Participant: 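Here it is, the structure, as structure tokens.
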Amino acid sequence: QLAESGGGLVQPGGSLRLSCAASGFTFGYYAIGWFRQAPGKEREGVSCISNSGGATNYADSVKGRFTISRDNDKNTVYLQMNSLKPEDTAVYYCAAALLDRVTTVQDMCDEGRGSYWGQGTQVTVSS
């Protein structure tokens, strides 16, 4: 299971840190991704991180503003979001996927791969 937390209402230019806590599976084997879906829009991959944390991927729209990280001792992945914009408003989901040797974290983000999904946390950026 995956459980997201840390969403909320923030003003443009503000920051939030999302957390994704995992249980019930061997966390250290899985790549983790953050995805978001805004009303009336398709789900998009925001950022993904490999099981070791050595590889990361970011959507162009969040590069330089968001940072993904993971703590395998705590079975948790974080998404630090800075310089938030109104267009970042969405429900944010985390997902876990086992990637084989030819599948990259970019593939995970681009294709929306996930064996486990959380329930989502709302992020609203508004003044």
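Given the structure is predicted, the values throughout are model-derived calculations rather than measurements. Side chains included, hydrogens not; waters and symmetry mates left out as well; all remaining heavy atoms used.
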Participant: Regarding Arg36 and Tyr92, do their side chains bring together a donor and an acceptor under 3.5 Å, going by distance alone?
Facilitator: yes
Participant: Ring-plane angle category for Tyr93 and Trp117, please: parallel below 30°, perpendicular beyond 60°, tilted otherwise.
Facilitator: perpendicular
Participant: Please confirm whether Phe66 and Trp34 have ring centers closer than 6.0 angstrom.
Facilitator: no
Participant: Indicate the atoms forming the closest heavy-atom contact of Ser127 with Pro12, along with that distance.
Facilitator: N-CD, 3.7 Å
Participant: Please find the pair of heavy atoms, one from Leu98 and one from Tyr29, that lie closest to each other, and give the distance.
Facilitator: CD2-O, 3.3 Å
Participant: Which pair of heavy atoms, one from Ile32 and one from Cys20, lies closest together, and at what distance?
Facilitator: CG2-SG, 4.5 Å
Participant: Return the minimal non-hydrogen interatomic distance between Phe35 and Gly112, and the atom names on each side.
Facilitator: CE2-CA, 3.5 Å
Participant: Strictly distance-based, threshold 3.5 Å: is any side-chain N or O of Tyr30 a donor or acceptor partner for the main-chain N or O of Tyr116?
Facilitator: no
Participant: Donor-acceptor check, side chain of Ser52 to backbone of Gly54, threshold 3.5 angstrom: yes or no?
Facilitator: yes
Participant: Distance from Leu16 atom CG to Leu9 atom CG, nearest 0.5 Å?
Facilitator: 9.0 Å
Participant: Both conditions, 6.0 Å and 45 degrees, for the charged tip of Arg70 above the ring of Phe27: are they met here?
Facilitator: yes
Participant: Does Ser50 use its side chain to pair, donor to acceptor, with the backbone of Ala55 at less than 3.5 Å?
Facilitator: yes
Participant: Given side-chain contact (heavy atoms from CB on, under 4.5 Å), test Leu18 with Thr121 step by step and report yes or no.
Facilitator: CA-CA 8 Å; Leu18 304 184; Thr121 185; 4.0 Å; yes
Participant: Please report the shortest heavy-atom distance between Cys94 and Glu4, naming the atom on each side.
Facilitator: N-OE2, 2.9 Å
Participant: How far does OG of Ser47 sit from CZ of Arg65, to the nearest 0.5 angstrom?
Facilitator: 12.0 Å
Participant: Going by heavy atoms in the side chains, are Tyr58 and Thr67 under 4.5 Å from each other?
Facilitator: yes
Participant: If I take atom CG from residue Asn82 and atom CG from residue Asp88, how far apart are they, to the nearest 0.5 angstrom?
Facilitator: 10.5 Å
Participant: Going by the side-chain contact (heavy atoms from CB on, under 4.5 Å) test, name the single residue among Asp110, Asp107, Val105, Thr104 that passes it with Cys48.
Facilitator: Val105
Participant: What is the distance from atom CD of Gln80 to atom CZ of Arg17, rounded to the nearest 0.5 Å?
Facilitator: 7.0 Å
Participant: Is the side chain of Arg43 donor-acceptor paired with the backbone N or O of Gln37 at a distance under 3.5 Å, no angle test?
Facilitator: no
Participant: If you round to the nearest 0.5 Å, how far is SG of Cys109 from CD1 of Ile68?
Facilitator: 7.0 Å
Participant: Report yes or no: does Gln119 contribute a side-chain atom to a donor-acceptor pair with the main-chain N or O of Ala3 at less than 3.5 Å?
Facilitator: no
Participant: Answer whether the closest heavy-atom distance between the side chains of Thr103 and Met108 falls below 4.5 Å.
Facilitator: no
Participant: Side chains of Thr124 and Val10, heavy atoms from C-beta outward: is any pair under 4.5 Å?
Facilitator: no
Participant: Answer yes or no: are there more than 12 heavy-atom neighbours, outside Glu87 itself, under 6.0 Å from its atom CD?
Facilitator: yes
Participant: For residues Tyr78 and Leu84: do they belong to one hydrophobic cluster (side chain heavy atoms under 4.5 Å, members Ile, Leu, Val, Met, Phe, Trp, Tyr)?
Facilitator: no
Participant: Before giving the answer on side-chain hydrogen bond (donor to acceptor under 3.5 Å, both in side chains), spell out for Asp71 and Thr76 the whole-Å C-alpha distance, their side-chain angles and the decisive distance to 0.1 Å.
Facilitator: CA-CA 5 Å; Asp71 185 337; Thr76 302; over 6 Å; no
Participant: What pair of heavy atoms forms the shortest contact from Asn72 to Asn51, and how long is it?
Facilitator: ND2-O, 3.1 Å
Participant: Got a donor-acceptor contact below 3.5 angstrom from the Thr89 side chain to the Val125 backbone?
Facilitator: yes
